[in-house]
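Notes to accompany the following structure.
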Protein chains: 2
Amino acid sequence: MPHRSQTLPVDRVFAALANPTRRDVLDLLIDGPRSASDLAAHFDMARPSVSEHLRELRECGLVTEARHGRFRLYSINAEPLLEVRDWLGPYERFWRNRLTDLGRLLDALPPDEADRA
Amino acid sequence: MPHRSQTLPVDRVFAALANPTRRDVLDLLIDGPRSASDLAAHFDMARPSVSEHLRELRECGLVTEARHGRFRLYSINAEPLLEVRDWLGPYERFWRNRLTDLGRLLDALPPDEADRA
DNA sequence: AGAATAGGTAGGAGATATCCTACGCATCAA
DNA sequence: TTGATGCGTAGGATATCTCCTACCTATTCT
């Protein structure tokens, strides 16, 4: 009956992605590494706040930091995203077969009937 | 410079997935529809708390509810997960080519070297 | 009708998230 | 060496999250 108690690594990844600013940071880093202040300049919030988001991304392994003089270059580490993709895997069949609705299963509508969606 | 203010639908989906109980609910529903109390029995928390998680999943469209007498059967609607998969898309190249580290980009390793995946 | 069952909502406690300003500590430029 | 720049951390205000117990309605069983 007890089900979960401590925070798994995959939990941290999902939690990190739950914030739009952090997802936007990752999206910016797709094109290549950027410095912290470069990243911060893209957001309508104080620089230290962005710095905190970077720390969260660091702590769940989604970015890495490389010091270059007084700059810190952040770059993507996409590996933790594999856990997200793996979690998503079992759901592929739902959108592949359009079996997204209980009603269709229970009422056993003719499958072609419902293709106007 | 302003970047985001209101909560987009995709934000709600990511936020819903950020909670392990809610992801577990979805995982349970993969095998088919279940009633609310059936779902609640799987978790080490009070039933009304599970009910609240179900409401969140409902409100972001990840589950649908069908009333049958005094039961309510919940079933998956995987469609919102497409947004997650779409967001994940641009990161595929990172784990496909194992270009997860800035160092490798900078050092310009031969690209065929990393195709054991 | 009366009791039991399914399950949602209200209100609140405590924890966590997200932002801010103030500050500290390096590093580089003059 | 002094000042400016890059950037992390501290502490705090406020909002949101996650759980609880108490309570309500609707349906079904006897």
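In what follows, chains are A, B, ... by sequence order, proteins preceding strands, each numbered from 1.
A donor-acceptor contact shorter than 3.5 Å is absent between the side chain of A:N77 and the backbone of A:V63. In this structure, A:R23 contributes its side chain and A:L17 its backbone to a donor-acceptor pair below 3.5 Å.
In this structure the side chain of B:F14 never reaches within 4.5 angstrom of the side chain of A:N19, judged on heavy atoms.
If you measure from atom CG of B:N19 to atom P of C:dT16, you get 13 Å, rounded to the nearest angstrom. If you take CG of A:L39 and C1' of D:dG8, they are 14 Å apart, rounded to a whole angstrom. As rounded to whole Å, 12 Å separates atom P of D:dT9 from atom CD of A:E56. The separation between A:H68 atom NE2 and C:dC28 atom P is 12 Å, rounded to whole Å. Rounded to whole angstrom, the span from the CG atom of A:D24 across to the P atom of C:dT18 amounts to 13 Å. The CZ-C1' distance, from A:F43 to C:dC20, rounds to 17 Å in whole Å. For the pair A:R34 CZ and D:dG6 C1', the computed distance is 17 Å after rounding to whole Å. Distance CZ (A:R23) to P (C:dT18): 11 Å, rounded to an integer number of Å.
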Every protein N/O within reach of nucleotides 6-9 of chain C N/O, cut-off under 3.5 Å:
| from | atom 1 | to | atom 2 | distance (Å) |
| --- | --- | --- | --- | --- |
| C:dA6 | O3' | B:R70 | O | 3.3 |
| C:dG7 | OP1 | B:A36 | N | 3.3 |
| C:dG7 | OP1 | B:R72 | N | 3.0 |
| C:dG7 | OP2 | B:S37 | N | 2.6 |
| C:dG7 | OP2 | B:S37 | OG | 2.5 |
| C:dG7 | N7 | B:R47 | NH2 | 3.2 |
| C:dG8 | OP1 | B:Y74 | OH | 2.8 |
| C:dG8 | OP2 | B:S51 | OG | 2.6 |
| C:dG8 | O5' | B:S51 | OG | 3.4 |
| C:dG8 | N7 | B:R47 | NH1 | 3.1 |
| C:dG8 | O6 | B:R47 | NH2 | 2.9 |
| C:dT9 | OP2 | B:R55 | NH1 | 3.2 |

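A:R67 comes within contact range of no nucleotide atom at all, as no heavy-atom separation falls under 4.0 Å.
For the OP1/OP2 pair of D:dT18 and a distance below 4.0 Å, the side-chain nitrogens and oxygens of B:S49 include no atom meeting the criterion. Taking only side-chain nitrogens and oxygens, A:H53 comes nearer than 4.0 Å to OP1 or OP2 of C:dC19.
With respect to A:Y91, the side-chain contact (heavy atoms from CB on, under 4.5 Å) criterion is satisfied by exactly one of B:I76, B:L82, B:V84: B:I76.
By the criterion of side-chain heavy atoms lying less than 4.5 angstrom apart, applied directly or through intervening Ile, Leu, Val, Met, Phe, Trp or Tyr residues, B:V25 is not grouped with B:F71; the two fall into different hydrophobic clusters.
Applying the salt bridge (charged side-chain N to carboxylate O under 4.0 Å, His left out) test to residues at least two apart or on different chains, the pairs with a partner in residues 57-67 of chain A are A:R12-A:E59, A:R58-A:E65, A:E65-A:R67, A:E65-A:R72.
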Donor-acceptor list for residues 32-39 of chain B side chains, cut-off 3.5 Å, not counting sequence neighbours:
| from | atom 1 | to | atom 2 | distance (Å) |
| --- | --- | --- | --- | --- |
| B:R34 | NE | B:L28 | O | 3.4 |
| B:R34 | NH1 | B:D38 | OD1 | 3.2 |
| B:R34 | NH1 | B:D38 | OD2 | 3.3 |
| B:S35 | OG | B:D38 | N | 3.2 |

